[in-house]
Amino acid sequence: MQQEHNRKRIYFIKQMLFAMADGNFNMRIPLSGHDDELEALVVLINMVTEEFRDAIFHQGYINPHQSYVYLAQAGAVLNFEGQIQMSNKEFRSLIGYSEQELREHVLTDFLTPETSNLFEHTLIALNQPGDSQQALDLELISKKGLRVFMHCSLTKFKAQSQITLSFIVPVVQELHLHEYFNETLIKQRINRQADAVLIQEIYDYILENLEEPLPKLKALARNFGTNEFKLKSGFRQFFNTSVYSFYNDERLKRAHTIISQRDLPLKEIALLTGFSTYPNFSKAFKKKYGYNPTDLLRNEINKDSSSE
C-alpha cells in the first residue's frame, strides 16, 4: 500500500516538472502528511515553483501570453538630497511600493549597493555648476526583493530645487485572441498534457516488462491508443532517448544488478532480462559496460571469497 502511494507521489512530481517545463508555474503538488524525504522534496519543488513564478513574471519580463502595448515613462521627483517627493504610477508599479511608502525615503534606500554609490556621485555632480542633466544605469530592488535594471536620466531644475528621475518601461496587457484561436491553444495544452501522461504510462510499462521482448513500436503504440510517430517523438522529447535504447539500457542495468546480488547462472539472467540468447546478451553487456558478464561474475565471486 505504501509503495503504491509513493508511486502516486512520484507521478505528481513528474507531472509538476512537465508543467514547469511548459511554463506553467501555477500548479502545486498536494502534501500527503508523511514525514519522509519524498515529502520534503515535494515541499521544496512547491517552493521553487513559487520563486520561479515571482521571479519571472514581474514587470521586468514578458509573459508569453502577453504583448507589448506601448512604452511609458516612469519617473520620480527628488530633492537635492535624493529624497523621493513624488512618483508616477509606472514607477510605483515597477518597484511595488505605494506613494506613501516611497515619500520621504531617499532613492538609495531602494538601490543596490553597487549603483547606490554611483547615484550619490551623480547627485554631487548635479549640485555643481555646469551640466543640468546626467544619464546613468541603476538597479532598483523591488518590494519583493527583485532587481530591476533601468537606464535613466536625472534632470536638475534649480529654480524648484528639484531633480527628476525618468526612464522608459514597457506596458503590457493580456492578448485578446480570436475565440477560436483561444480554443485551439487550450486544446493544444490539453493534448500536450495528455501526451505526457501517455508517454509516462508507456515508460512504466517497459520497466514492468523488461523480461519480455519489446513489441514492435507500431504494435506498442496501438496498444496505448496512439501512433508510432507520436510514440517515438514523445519518448525522445520527454526522456531524451529512443524507446529501444531505453529498453535495452534498463535490461542491462537490471542484469548487472542481478549478477552483483544473486547467485544465478548467466544464461538464466539473460532470459530474465529479455534476451533470447546468451551470446546476444553477452555482446550487448560488453558494449555498454566494457567488460563481459563473466568478468563481473568472477569479480563478485572473488569479493565473496576474500571476505570469508
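Keep in mind that this is a model prediction, so the values were computed, not measured. These values consider heavy atoms only, across backbone and side chains, with no hydrogens, waters or symmetry-generated copies.
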If hydrophobic clusters are built from ILVMFWY residues whose side chains come within less than 4.5 Å, do [X] and [Y] share one?
X	Y	result
V42	V48	yes
I124	L107	no
V106	L126	no
F80	L123	yes
F91	V77	no

What's the separation between atom [atom1] in [X] and atom [atom2] in [Y], rounded to the nearest 0.5 Å?
X	Y	atom1	atom2	answer
N248	L214	CG	CG	9.5 Å
E99	I84	CD	CD1	10.5 Å
M86	R92	CE	CZ	10.5 Å
T155	I163	OG1	CD1	9.0 Å
F119	D137	CZ	CG	14.0 Å
Q162	N79	CD	CG	8.5 Å

Can I get a per-line list of side-chain donor-acceptor pairs under 3.5 Å for residues 201-211, giving both atom names and the distance, sequence neighbours left out?
from : atom 1 : to   : atom 2 : distance (Å)
D204 : OD1    : Q200 : NE2    : 3.1
E208 : OE2    : R7   : NH2    : 3.2
N209 : ND2    : Y205 : O      : 2.7

Considering non-hydrogen atoms only, spot the tightest contact between [X] and [Y] and give its length.
X	Y	result
T273	R251	O-CD, 2.7 Å
F281	A255	CE1-CB, 3.5 Å
L165	C152	CD1-SG, 3.5 Å
L252	A284	CD1-O, 3.6 Å
L271	S276	CD2-O, 4.1 Å
K253	Y289	CA-OH, 3.4 Å

With a 4.5 Å heavy-atom cut-off, do [X] and [Y] have their side chains touching?
X	Y	value
Y278	I269	no
I10	L38	yes
T164	L154	no
L231	F224	no
K143	F110	no
F235	L217	no

Ring-plane angle category for F285 and Y291, please: parallel below 30°, perpendicular beyond 60°, tilted otherwise.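 F285 and Y291: perpendicular rings.
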Give a yes or no on this: more than 12 heavy atoms of other residues, nucleotides or ligands lie within 6.0 Å of atom [atom1] of [X].
X	atom1	result
K286	NZ	no
K14	NZ	yes
H105	NE2	yes
E114	CD	yes

Is a donor on one side and an acceptor on the other found under 3.5 Å between the side chain of [X] and the backbone of [Y]?
X	Y	answer
S233	F229	yes
D295	N292	yes
E101	S98	yes

Sequence neighbours left out, what passes ring-ring contact (aromatic ring centres under 6.0 Å, His included) with Y247? Give chain and number order. none
